[in-house]
There are 2 protein chains.
Amino acid sequence: MKLIKGKENKEVLIEREPIDVETFKRMIRQMGLKVTKQRVHILEAMSEGRAHITVQELYEKLQKTHPEIGFATIYRFLKNMTDHNLVTEVRMGGFPARYELTPNQHHDHLNCTNCGKIVEFENESIEELQESVARKFNFKLTGHVLELYGLCQDCQQE
Amino acid sequence: MKLIKGKENKEVLIEREPIDVETFKRMIRQMGLKVTKQRVHILEAMSEGRAHITVQELYEKLQKTHPEIGFATIYRFLKNMTDHNLVTEVRMGGFPARYELTPNQHHDHLNCTNCGKIVEFENESIEELQESVARKFNFKLTGHVLELYGLCQDCQQE
DNA sequence: ATAGTATTGATAATCATTTTCATTAATGGT
DNA sequence: ACCATTAATGAAAATGATTATCAATACTAT
């Protein structure tokens, strides 16, 4: 369980392991798609910097180094990746969707609403209970969003 | 929506009391807004029938009895209500937002990612485990979002 | 009832996302 | 390496949900 520090209520940057180009190409082939420079560049852009990125942010980031990549390509490829579970789509409220390379270890978030600190946690019992709720209503579970909000120890003392 | 009782896990579809016009008017005044027939009709339409309704569905429902009510009015009023926590907005994937009169009893949602159906449930064990996670990290819990996604029985068969 | 102001509804505007389609590029077989 | 086949691309148009505009209308306190 890893602790990530944030400032105020801003979004938090999450460090990821760097992934090499060969791995990206393997991921693309694995989906049954052709390896194009655009797709590799999109994966590269997603693997560096902020974990949850919007299409707009991705587009602007790519503009600097590969100005030939268009919105449609990004949207299309993210859809492919999402369908193949290599990318996780997070939609909040009416905001544009955010995408992240699917982390190998599932986790949920405990967020401090005062200082923005985030604790990632994983609780097997909660996961099982979610499954049992789904079963009870004859749903086949495919995903979930669990975000806890509260005050961390430091902020409670203020 | 009908009531379904669970056994040990206490999943429940929430029962809603019918609400009378005077209560609706009080709610509107409480927000510091003027009482108009449109607003009362919108509240009436929301309080009968399906709990989670889209703007489109609400519009069509209102068309039959009050064809003078426009989309803009519905959107504006739902925004007011949501801001004042009298209505809860549920957004799922890229589907249109669904709205419900905020129930006095807390519940979470089970969403069908194919047809947009929403099932409400309440699970005391999950709530307790959330508390215990928060305690473990010395957080004081103030709220949470739990949305389950999957395929409902009908959509699994397609 | 009247004045003053909030509300309304039709329509235009916006914003994210998807589709279209003519052009270009990747791949597999030679 | 060279094609031929077919998928992929990018620009622009289309879509769908939601929000803003604004002149006409309806509440509400006086």
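Worth knowing before you read on, the calculation uses all heavy atoms, side chains too, and leaves out hydrogens, waters and symmetry mates. The chains referred to below are lettered A, B, ... by the order of the sequence lines, with proteins before strands, and numbering in each begins at 1.
Side-chain contact check for A:Thr54 versus A:Phe95: every heavy-atom pair is 4.5 Å or farther apart.
Here the C1' atom of nucleotide C:dT7 and the CD1 atom of B:Ile28 are 12 Å apart, to the nearest Å. Taking atom CD of B:Glu89 as the reference point, atom P of D:dA17 lies 15 Å away to the nearest angstrom. As rounded to whole Å, 13 Å separates atom C1' of C:dT8 from atom CG of B:Asn80. For B:Ile42 and C:dT8, the CD1 to P distance is 7 Å, given to the nearest whole Å. A straight line from NE2 of A:His41 to P of D:dA8 spans 17 Å, rounded to a whole angstrom. Atom C1' of nucleotide D:dT18 and atom CG of B:Leu58 are separated by 15 Å, given to the nearest angstrom. Computed from coordinates, the B:Glu68 CD to C:dT7 C1' distance equals 13 Å when rounded to whole Å. Note: CD (A:Glu57) to P (C:dC15) measures 16 Å, nearest angstrom.
Looking only at distances, a side-chain donor or acceptor of B:Arg39 sits under 3.5 Å from a matching main-chain atom of B:Lys34. No donor-acceptor distance shorter than 3.5 angstrom exists from the side chain of B:Thr88 to the backbone of B:Glu100, with no hydrogens or angles considered. Between the A:Asn138 side chain and the B:Gln153 main chain, no donor and acceptor come within less than 3.5 Å of each other. With hydrogens and angles disregarded, no donor-acceptor distance shorter than 3.5 Å links the side chain of A:His66 to the backbone of A:Leu62.
Side-chain atoms of A:Glu127 and A:His106 form a donor-acceptor pair, as typed in the model, at a separation below 3.5 Å.
Checked against B:Arg98 for a salt bridge (charged side-chain N to carboxylate O under 4.0 Å, His left out), the options B:Glu89, B:Glu57, B:Glu147 give a single hit: B:Glu57.
Nearest-nucleotide positions on DNA chain D place A:Phe77 closer to the 5' end than the other of A:Phe77 and B:Ala97.
Between its opening and closing five pairs, the helix from C:dA1-D:dT30 to C:dT30-D:dA1 changes axis direction by 40°, a value rounded to 10 degrees.
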Point to revise | Annotated protein contacts, base or backbone, on nucleotides 18-30 of chain C with a non-hydrogen cut-off under 4.0 Å, one of B, S, - each | key: BBB-----BS---
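Closest contact between the side chain of B:Pro96 and the listed nucleotides C:dT8, C:dA16, D:dA17 involves D:dA17.
The minimum heavy-atom distance between A:Glu44 and A:Glu48, with the atom names listed, is O-CG, 2.8 Å.
Annotation: salt bridge (charged side-chain N to carboxylate O under 4.0 Å, His left out) contacts of B:Lys61 (sequence neighbours excluded): none.
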